[in-house]
Amino acid sequence: PDGVWIDSDLPRFVKLKREKGYRYTMVYTIREGETLELTCLVTGHPRPQIRWTKTAGSVSDRFQDSSVFNETLHITKIQRHQGGRYYCKAENGLGSPAIKSIRVDVYFLDDPVVTVHQSVGEAKEQFYYERTVFLRCMANSNPPVRYSWHRGRDVLSQGSDKGVEIYEPFFTQLQGETKILKLKNLRPQDYANYSCIASVRNVCGISDRNIVFKLTNKTVSPSIKLLVEDPIVVNPGQTVSLVCITTGGEPKPTLSWVSSSDRLPEKSVVKGGTLTLPAITSDEAGVYSCVATNNVGNPAKKSTTIVVRAMKKGRFWITPDPYHNDDNIQIGREVKISCQVEATPPEELTFGWLKNGRALRSSERMVITQTDPDTSPGTTNLDIIDLKFTDFGTYTCVAALKGGGIPEISIDVNISSTTVPPNLTVPRGKSPLVVQEGDTVELECLVSGKPKPIILWSRADKEAPMPDGTLQVESYDGVLRIVNVSREMTGSYRCQTSQFNGFNVKPREAVVELIVQYPPSVEPVSLEMRQGLGRPVAMNCRVLRAHPSRVLRYEWRLGNRLLHAGHFDQSDETEYTVKSLNREGWGEYTCDIINEAGAGRCTFLVTGKAYPPEFYYDTYSPLWQNRPRVYGFKLQWTQMNPNAVDRIVAYRLGIRQMGQQRWWEQEITVEGTITKGELITHNLTELIKPEAYEVRLTPITRFGEGDSTIRIITYSAPVNPHLREFHCSFEEEPICMFTQDKNDDFDWTRHSAATRDTKYTPNTGPSGDRSGSKQGFYMYIETSRPRKEGEVARLVSPFFNVAPKNPYGITNPPAYCFGFFFHMYGKHIGTLNALLRQKGQAATEGPTWSLSGNQGDHWKQAKVSIHPTASFQVVLEGIRGPGIEGDIAIDDVTLEEGECRDLPAISEYRNIRGVYP
């Protein structure tokens, strides 16, 4: 395929205000917030598929909008970050894809911001009295901004005032491009209103922006005060109000609140300098800052921390006597009970101990301590020295916060003769555990001992996450439950005791092997095979992977009928061949490859359906009109893979008017055999102007109907395909699809001599159309005021397709004769040019025909041969002369195939320049 760009002058392209120099460069400029449309016109057969990307195919930069697969990419309210290079990629499976790119510049101008600073080291309370001051102006923009300064109504420029210096714009990483005004040793006249005007020279219609700053001897940076404590400790559910007030600043500072979590809670309320957090939660704890700004000096910032009380995760562990190599609790030896709670704030955490419900105080044999917060925060220990039988019982650790309002956490620990360390075993028959993919499985470790600890499950064979995505899973009963087990979960799983809620001893562990069986994965899963009668069909089904890998057998079927079965030996594939296809051989073939876990299935749909036809969209001048109310259309197509199935004997053509339900159908008989790439033509007639139609084309073989293809036919001003010529006399308002150029200075005007006002300029312009009729219409340029010398008007024809010899490209560029009648009468006549525009090519060549000056009060004919190599347009360009008596008119524009014949004699014209045959 050959991808080309449609020019922005066409109605389907976005209308942009652009400088004329941008017209043929591959850069589009657009104002932020406007709608961008990029249209990529593509030729090629079969019709190419189009995809838009913002980089050269990067998946991450592809758009989510459906327009990315259309010829036109539509972006509403474009934003500055959407500028960049856009790529249109067209491919149809033949050769390399066609790729065209264009850069989009999004133009914008933000409101400027003025900040005021004093030279470093001179700051005092009233630091702008007789001090050096810098006014910095900054505005984000594209293209680069131009700044200007005003003091009151006076323009400030470098050298205009000895007390003022203006620094040229410079770029900083944090503030972008800036313009600095320096006031040296402030004088009384320096206290004034300063205006910074930011301009992008009205590009894309963006007007200038300005900001005014009033500098006085009271101008000072902001200062604030927080009327709250730091930190603020509250209970969950309380309402917290933070009050911030300004204590100084001119102009009056603006107050705002920010939090350490980047944004304030959704339910927070800010009113003036007060921030209210209703029903606060633990998630909303953090640092909150009040910021005051007035663009003078640096912003003022004061912060406070909100702490929300909370306790969670109460745990305990028992540590036997560390001085003996024994994990058991024994009479006469030491034992330590530890209790841990996560608390906020940690300094408010308090612990108490009970024995059998009665308060326990620290003594020589019962030593209560609290662990260093840096070593083990939120932990208390009870050391029982020289354990006795009377020490057996239930010990309770009670955690609370001093501020109250939070429920206490109580943890019971039983110390008795039955308190023994844990042990882990895997039940008989539970390892290895063989399951089927998709089952729910329970991996089990039996834990003995008292108290029973928390069990931690993890992968033992590799560093991989558990099924829930974490590295460890806690279990209180020793069971790991996996729902919908998959083949990736095969492997070794470790169960391990935790020190929490148990003994603080060397962890016990055991391993469970999990084996997940799954049916064979095969290819192809589904494949359509098209074949004609009497031809062989070979189907191959291959095993990719399976567990167990020993495959038991395979079975080939047509429908429910068993065709062939067998066992695999060393091969990993099986093949079934139909030597000569008959009508009974069409249908769905399946191959089931079976192991202990189930079956994998290859499916082959053997059919004689013909492939779909492929409409040809680059037909030269497909539409014609012989009668006023109806039109005809030349429908062309090729057949995809015509030799893959039996000979196509006919096509079923369906057509219906858009918006209607009823289809009209007919059969188009095909004589002989269609060859690959053969262009087939059928003329559609009696189509109602200007309705659009949906056309459906279906090939027919001995098998029956094949795959259908649908396209839409729309009406447009036709180029007659039989006469091979285009003619326009401008008698109807649509002016034969001619359009006005968007980048010229003024427009051509459609008029007739009967309606034209000749009082203003009587000595110029025609007295009738080319045929002499005063009622006939023609196009002309009106050169009266306010038109100026040298201004240009361009009239652009519709696109004409170059007629190829075959659907796959143009070998020798064809010749066309472009003709028109012109009238150039008046002493101020300028120039009339004829130009050729071709798709995808810059208009760097001069006019193909050009004429200047007064040619008399007569219509004359011009003809010029052109040789386009791509779809093209012709352009008639009128240039205004030195005065008002310079109207130029044209009429009866024609375009015919072949070189021009019977050319007007060159001597008929004066002042001819450019190329002329």
Side-chain angles (χ1 to χ4, degrees), residues 109-141 145 147-156 158 161 163-198 208-227 242-258 270 272-275 288-303:
L109 174 60
D110 292 342
D111 290 328
V113 176
V114 169
T115 57
V116 184
H117 297 270
Q118 182 194 6
S119 55
V120 177
E122 297 183 307
K124 296 180 181 178
E125 280 195 28
Q126 301 295 328
F127 63 91
Y128 287 106
Y129 182 71
E130 292 187 357
R131 294 291 186 268
T132 298
V133 174
F134 299 89
L135 278 73
R136 174 177 290 162
C137 185
M138 188 274 290
N140 294 317
S141 73
V145 69
Y147 297 97
S148 59
W149 284 99
H150 292 69
R151 180 165 58 200
R153 296 184 178 180
D154 299 331
V155 178
L156 294 176
Q158 184 67 29
D161 187 330
V164 175
E165 288 186 15
I166 300 177
Y167 297 166
E168 287 303 312
F170 66 92
F171 186 84
T172 63
Q173 191 68 31
L174 294 178
Q175 295 178 307
E177 192 174 85
T178 64
K179 181 93 166 184
I180 292 181
L181 179 69
K182 179 182 179 182
L183 306 176
K184 301 179 290 185
N185 293 323
L186 285 178
R187 305 160 297 176
Q189 63 263 37
D190 292 330
Y191 297 116
N193 289 333
Y194 290 85
S195 300
C196 173
I197 300 174
D208 295 349
R209 307 287 177 87
N210 74 295
I211 183 75
V212 178
F213 185 88
K214 184 177 182 180
L215 182 66
T216 71
N217 60 359
K218 295 182 180 179
T219 300
V220 68
S221 58
S223 58
I224 56 174
K225 182 179 181 181
L226 282 183
L227 304 182
L242 307 180
V243 181
C244 177
I245 61 172
T246 58
T247 57
E250 177 65 33
K252 185 179 180 181
T254 300
L255 297 178
S256 61
W257 283 92
V258 295
V270 178
T274 301
L275 169 64
Y288 288 80
S289 303
C290 175
V291 181
T293 57
N294 66 351
N295 291 340
V296 179
N298 295 319
K301 183 177 181 180
K302 297 284 187 179
S303 303

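Atom set for the values below is all heavy atoms of this structure, side chains included, hydrogens, waters and symmetry mates excluded. Predicted model, so just to flag it, every value in this text is computed and none were measured.
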Roughly how far, to the nearest 0.5 Å, is [atom2] of [Y] from [atom1] of [X]?
X    : Y    : atom1 : atom2 : result
K184 : T132 : NZ    : OG1   : 8.5 Å
S289 : I224 : OG    : CD1   : 9.0 Å
L242 : W257 : CG    : CH2   : 4.5 Å
E250 : S221 : CD    : OG    : 11.5 Å
I245 : L226 : CD1   : CG    : 9.0 Å
I180 : H117 : CD1   : NE2   : 8.5 Å

key: Evaluation steps, salt bridge (Lys or Arg N to Asp or Glu O under 4.0 Å), between D161 and R187   = CA-CA 12 Å; D161 187 330; R187 305 160 297 176; 3.1 Å; yes
Does a side-chain heavy-atom distance below 4.5 Å link [X] with [Y]?
X    : Y    : value
L181 : F134 : no
I166 : K179 : yes
S195 : W149 : no
L186 : V133 : yes
C290 : L255 : yes

key: A139 to Y147 - nearest heavy-atom pair and separation   = N-OH, 3.0 Å
task = Please report the closest heavy-atom contact between N185 and D190, naming both atoms and the distance.
result = O-OD2, 4.3 Å
message = Closer than 3.5 angstrom, by distance alone: can the side chain of Y191 be matched with the main-chain N or O of K218 as a donor-acceptor pair?
response = no
query = Got a donor-acceptor contact below 3.5 angstrom from the T246 side chain to the G248 backbone?
reply = no
request  = Can you sort out the partners of S223 under side-chain contact (heavy atoms from CB on, under 4.5 Å), two or more places apart, ordered by chain and number?
outcome  = T247
task = Sequence neighbours left out, what passes side chain to side chain donor-acceptor pair (under 3.5 Å) with D208? Give chain and number order.
result = S199
task = Under the side-chain contact (heavy atoms from CB on, under 4.5 Å) rule, what do L215 and Y194 come out as? Steps first, then yes or no, please.
result = CA-CA 7 Å; L215 182 66; Y194 290 85; 4.0 Å; yes
request  = Kindly determine whether R151 and D154 satisfy salt bridge (Lys or Arg N to Asp or Glu O under 4.0 Å), including the steps that lead there.
outcome  = CA-CA 5 Å; R151 180 165 58 200; D154 299 331; 5.8 Å; no
Identify all side-chain donor-acceptor contacts of residues 292-302 below 3.5 Å with residues at least two apart in sequence or on another chain.
residue	atom	partner	partner atom	Å
N294	OD1	V296	N	3.0
N294	ND2	V220	O	3.0
N294	ND2	P251	O	2.9
N295	ND2	V114	O	3.4

inquiry  = Taking atom NZ as the centre, does K182 end up with more than 12 heavy-atom neighbours from other residues, nucleotides or ligands that are less than 6.0 angstrom away?
reply    = yes
